[in-house]
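The structure appears below as structure tokens.
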Amino acid sequence: MSPRPIESADRWWRNTVLYCLDVQVFQDSDGDGIGDLQGLVSRIHYLSDLGVTCLWLMPFFPTADRDDGYDITDFFAVDPRLGTLGDLVEVIRVARAQGMRVIIDFVMNHTSDQHPWFRSSRASRTSPHRDWYVWRDNPPAKQDPPVFPGEEDSTWTEDPRTGQWYLHHFRAHQPDLNIAHPPVQEQIERNLGLWLELGVSGFRVDAVPFLFSNDPAHGTDTTGTAPEYQGPDHLRAIQRFVSRRNGEAMLLGEVNLPHEEQLRWFEAEGEASGLHLQFDFVSMQQLFLSLARKDARPLAKALRDRPELPEASQWANFVRNHDELTLDKLAPDELEEVFEAFASDEGMRLYGRGIRRRLPTMLGDERAVRLVYTLMFSLPGCPVLFYGEEVGMGEQLEIEGRYAVRTPMQWEPDAKGGFSTAPPRALTRPVVEGEYGPERRNVADQRRDPGSLWRHIQQLTTMYRDAPDLAWSSLEVIGVRQQAVLAHVCRGDDWTMLALHNLGDRHETVKLEIAAEEGAVTLHDRFDLSTMTIEGTLELELEPYGWRWLQVAPAAATIRRV
């Protein structure tokens, strides 16, 4: 379908441009070496200029600081190193004035072991907070594998204080909350309600299948006041609560599952009643297999297999996020192909399933980098950018684990990238060095250069926002004869776009049959604004890593391979 303007406004999440950032590495305003909320306020005009319409803030809460803020010690406050609640409200207000909404991470599947709730819970078996976590006399015989293999051997750890074991899907210092316990559910609602009252427009829900697991081993209601816990039903209850408090608020879920299994987190009986958006992990992983092979067919299959979604639901398309590039849905031989292509050194890999590098260093060719982002913006769904992607930032492999891709933002061509006035040793994290460091890749230089990657990303956000039909369109993948080329058609009620993307490093010639019931077909190139008229066969040349976006009139024209 094609949306009316009011429908695009009411369901803004269907065609927003998301930008994920970590406050502590984005901009330091007071010279202490740590990014902060006032620093973010000073850069919001920049994000508006880039074309961002929704900011996603990674955790900014008080933390024990052993997992980049995801080990939270207080869900109802701001880390004092980053600012205050007043500073957060300022971020939200200034962003709104620039046409941007703000969503925040929701991470209540676990806490830090330093959280007052857990300290109370482990104090004794009769603690009033005992049932707020998951305790067992012995770990179950059948356990889920640890999320971080190599860092943890088990998802259960014995606590010597009471002689029982507690559950932690992530790290031992991050005990799982007992989400099935009604007092915990009440705290979840209070927490969501606080941030909604302060003006946030939604939440990125961390690790959805763990947070809302049905497995009775994960937690139980010991009070007898609630029925048997059903995770998807609880998620739907949260969605209803969020909508009551703020009718425009949305939920973006991290659900790394096969497409069909993702559906149950979107809907109930065909109606949108859960997550509004989910990341398309499957297509992302197949994209990297296609790039490694220079063969579009794995990605084409993943896109064909995307299930149809309820009208209020949407896919979130991304290339890289803030974690390792997870490739866990690939077969072992496919995983090895991608590793060999983009992470040949063992130190570039993580947990046996991921790559801790950014896209420019993996591909090594800016033509390919531009092609990948162009492809992402051409698909139905919401594009999601991770800070620094717009200038081609690289990683700092000397930093351990996932932190390698969470380095200070590169604003200026100096050794500290304009991130902070503090001495280098005081920075919260080292700056990238070498070819991908700030001297070579930074915002200031690229905004002045009309041919830069930054300008290309800005053009993509503009073109995406200028065609709201794209986000609401259906997707048809055409199996062209050129293996390196992905050809797809996006159709609305009265709007059609043909997109061609060459994932290979050779010239390709694509032939398609295009026909309308009456007369010729007009193709309008959305990049160079040229127009051509076709009667029958369309033949197009694609440069290595080249692309074409062609708006089709009449929109009902048929398009098929020759």
Side-chain angles (χ1 to χ4, degrees), residues 20-26 28 32-35 58-61 63-73 79 81-82 105 107 110-114 145-155 157 168-175 206-207 254 256 288 320-328 335 338-339 342-362 386-389 393-410 415-417 419-420 422-438 441:
C20 171
L21 64 91
D22 186 350
V23 173
Q24 69 171 323
V25 291
F26 199 62
D28 172 20
D32 65 355
I34 302 172
M58 291 169 61
F60 51 77
F61 318 103
T63 173
D65 207 21
R66 297 179 64 187
D67 186 20
D68 202 21
Y70 284 89
D71 51 333
I72 296 167
T73 58
D79 186 328
R81 298 174 302 170
L82 309 183
D105 258 341
V107 197
H110 58 252
T111 71
S112 166
D113 61 2
Q114 300 304 305
V147 172
F148 302 120
E151 294 185 12
E152 299 289 345
D153 298 325
S154 171
T155 54
T157 290
H168 55 86
H169 273 98
F170 293 82
R171 296 176 174 89
H173 62 82
Q174 294 167 306
D206 188 50
E254 181 190 34
N256 184 11
F288 279 92
R320 283 295 279 112
N321 63 12
H322 58 296
D323 293 331
E324 75 278 3
L325 176 68
T326 185
L327 302 165
D328 62 327
L335 174 62
V338 179
F339 274 164
F342 303 130
S344 56
D345 188 286
E346 188 67 32
M348 300 172 177
R349 306 174 187 181
L350 197 61
Y351 307 131
R353 61 166 187 252
I355 297 175
R356 58 192 205 101
R357 307 184 74 193
R358 283 186 177 248
L359 185 72
T361 58
M362 283 192 281
F386 182 47
Y387 81 94
E389 286 187 296
M393 278 176 59
E395 68 280 348
Q396 177 65 281
L397 289 173
E398 286 71 20
I399 306 174
E400 65 177 17
R402 296 172 163 187
Y403 295 100
V405 300
R406 303 178 189 177
T407 55
M409 180 65 178
Q410 297 171 190
K416 293 177 290 188
F419 163 69
S420 175
R425 66 181 180 278
L427 299 186
T428 185
R429 214 161 287 153
V431 177
V432 173
E433 298 176 346
E435 180 182 353
Y436 294 92
R441 297 169 188 266

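In this structure a side-chain-to-backbone donor-acceptor pair under 3.5 Å is present from T63 to D71. Q410 places a side-chain N or O within donor-acceptor distance of the main-chain N or O of Y436, the cut-off being under 3.5 Å. Side-chain atoms of R357 never come within 3.5 Å of backbone atoms of E395 as a donor-acceptor pair (strictly under, hydrogens ignored).
Within a 6.0 Å sphere centred on CG of D153, heavy atoms belonging to other residues, nucleotides or ligands number 12 at most.
The two atoms that bring R320 and L359 nearest to each other are CG-N, 4.2 Å, heavy atoms only.
At least one side-chain heavy atom of F288 sits under 4.5 Å from a side-chain heavy atom of M362. In this structure, the side chains of H110 and H169 stay at 4.5 Å or more apart for every pair of heavy atoms. Between Q396 and E433, the closest side-chain pair of non-hydrogen atoms falls below 4.5 Å. In this structure, the side chains of E152 and H168 come closer than 4.5 Å at one or more pairs of heavy atoms.
Checked by atom type, the side-chain pair Q24/T428 shows a donor-acceptor distance below 3.5 Å. Checked by atom type, the side-chain pair Y351/E151 shows a donor-acceptor distance below 3.5 Å.
Ion pairing between a basic and an acidic side chain is recognised when a charged N comes within 4.0 Å of a carboxylate O; D68 and R429 show such pairing. Under 4.0 Å is where a charged nitrogen must lie from a carboxylate oxygen, and between E324 and R356 no such pair does.
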Pair D105-Y70, side-chain hydrogen bond (donor to acceptor under 3.5 Å, both in side chains): steps then yes or no: CA-CA 9 Å; D105 258 341; Y70 284 89; 2.6 Å; yes

